[in-house]
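What follows is a set of notes on a single structure, which appears directly below.
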2 protein chains.
Amino acid sequence: MARTIGVIGDRWTLLILRECFLRTRRFEGFQSALGITRHLLAERLKKLVRQGVLRRIPYQESPKRHEYILTQKGLDLYPIMMALVHWGDTHMVDERGRPLLHEHRKCGKMFDPVMVCSECGEPLSAREVHVHPGPGARPAPERVLLDKKAKPKPRKKAA
Amino acid sequence: MARTIGVIGDRWTLLILRECFLRTRRFEGFQSALGITRHLLAERLKKLVRQGVLRRIPYQESPKRHEYILTQKGLDLYPIMMALVHWGDTHMVDERGRPLLHEHRKCGKMFDPVMVCSECGEPLSAREVHVHPGPGARPAPERVLLDKKAKPKPRKKAA
DNA sequence: TTTGACAGTTCAATTTTAGAACTGTATGAA
DNA sequence: TTCATACAGTTCTAAAATTGAACTGTCAAA
């Protein structure tokens, strides 16, 4: 998660990517849609290209111009986008309602995204998931502070 | 999406929330697990409580101490977390492999999260989804530039 | 009496971001 | 030919956010 956040974890990158999913491709398009400063936009686009999320493709030669297109790696961010949108739709809408509705082409209905288990297909919730260290586990996820005398912790009074 | 990003869209908030899901509850716990500066941590926790993502609950009286617990609104962030982790697992792992594996209690298997359509249950991908303006739609999502003379931009001279 | 856990707060020094103008190529209009 | 505009950046300064480190304060145990 930390590595993902290293890619998309700032105020603007996700909004830029949202515009990509909404088919914006060019510098001015992003800038005017978002109101981001040109400086930061250039910075972020460069970073996303470096990280392989966007591809920079020339679309005219005279004054060299490029479009920014999602790579597969970028397209794979879609579930993150949908999860963010859905949480906002659930917890952050005002009285006017949702800004956007989503229609699923396959079934033709307006839908919400649901996250399910790849094995049994049941919807997921935090309580039903148990985490195990994997092969790339960190050495010390958390430094234990009450180390040596781990016991003396009868500090509680209220419960 | 912008509103969701307003809540969790910075470098540290998502990591703090990750620790919450991993059952960290106290100031020192977050601080030592993440290495975040105490100043920012205090700031972020306050913000999350204000926004209703965490609840601040006293666990001892003597020197007043509190724990930070996920509210339902916070728990609902779980799909976002899983989506972030899964993208990282897919595109950002090193040769050592995943740091964490997830087991679904319901079915007992190690799983990956999959995002599906709430109506037909099929997995979602960006191309199969069409967006429509909803009741809370923004007036002008994007100003068209190559229009006519959209605006006589008052180009000022340098000093 | 002293030390240490815990949960912050304060403050100077960096780093980022915002805001605005400026650079440069090319096209169409006057 | 000259001027205005589209487009994609770059450059600069001021303002905001973040870091790093030390400091405050309450209580418990040594």
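Reminder, nothing fancy here: chain letters follow the sequence lines and each chain counts from 1.
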Geometric class of the Trp87(B)/His91(B) ring pair [parallel <30°, tilted 30-60°, perpendicular >60°]: tilted
Per nearest nucleotide of DNA chain C, the residue lying toward the 5' end, Pro63(A) or Gly35(A), is Gly35(A)
Ile36(B) CD1 to dG8(C) P, in whole Å, measures 13 Å
Between NZ of Lys64(A) and C1' of dA6(D) the distance, given in whole Å, is 19 Å
Main-chain N/O of Leu22(B) paired with Glu19(B) side-chain donor or acceptor, under 3.5 Å:
no
Next item on the list: Could you tell me how the ring of Tyr78(A) sits relative to the ring of Phe21(A): parallel (under 30°), tilted (30 to 60°) or perpendicular (over 60°)?
Entry: tilted
Leu40(A) atom CG is separated from dA17(D) atom P, nearest whole Å, by 14 Å
Exactly one candidate in Arg25(A), Lys64(A), Arg65(A) meets side chain to side chain contact (heavy atoms under 4.5 Å, CB included) with Tyr59(A); the answer is Arg65(A)
Counting just side-chain N and O atoms, does Arg44(A) come under 4.0 Å of either OP1 or OP2 of dT17(C)? yes
### Message
Heavy atoms only, 4.0 Å cut-off, all strands: where does Thr37(A) land among base, sugar-phosphate and nothing?
### Response
base
In this structure, OG of Ser125(A) is separated from NE2 of His104(B) (nearest 0.5 Å) by 7.0 Å
Within residues 8-17 of chain A, those residues having any heavy atom closer than 4.0 Å to DNA chain C are Trp12(A)
When rounded to whole Å, the CZ to P distance for the pair Phe27(B) and dA7(C) reads 8 Å
note: Gln31(B), atom CD; dA22(D), atom C1'; distance rounded to Å ~ 14 Å
Review point. Is the side chain of Ser118(A) donor-acceptor paired with the backbone N or O of Pro113(B) at a distance under 3.5 Å, no angle test?
Key: no
Does dG8(C) have OP1 or OP2 under 4.0 Å away from a side-chain N or O of Arg56(B)? yes
Among the nucleotides dT9(C), dT26(D), dA8(D), whichever has the atom closest to the side chain of Arg65(A) is dA8(D)
Comparing nearest nucleotides in DNA chain C, the 5'-proximal residue of the pair Arg38(A), His39(B) is His39(B)
From CZ of Phe30(B) across to P of dA5(C) the rounded distance in Å is 20 Å
Taken to the nearest whole Å, CG/Leu34(B) to C1'/dT18(D) is 15 Å
Look only at the side chain of Arg3(A) and the backbone of Met92(B), and say whether a donor-acceptor pair between them is shorter than 3.5 Å. yes
Contact under 4.0 Å: Lys46(A) side-chain N or O vs dT10(D) OP1/OP2: yes
Atom CZ of Arg25(B) and atom P of dA7(C) are separated, to the nearest Å, by 13 Å
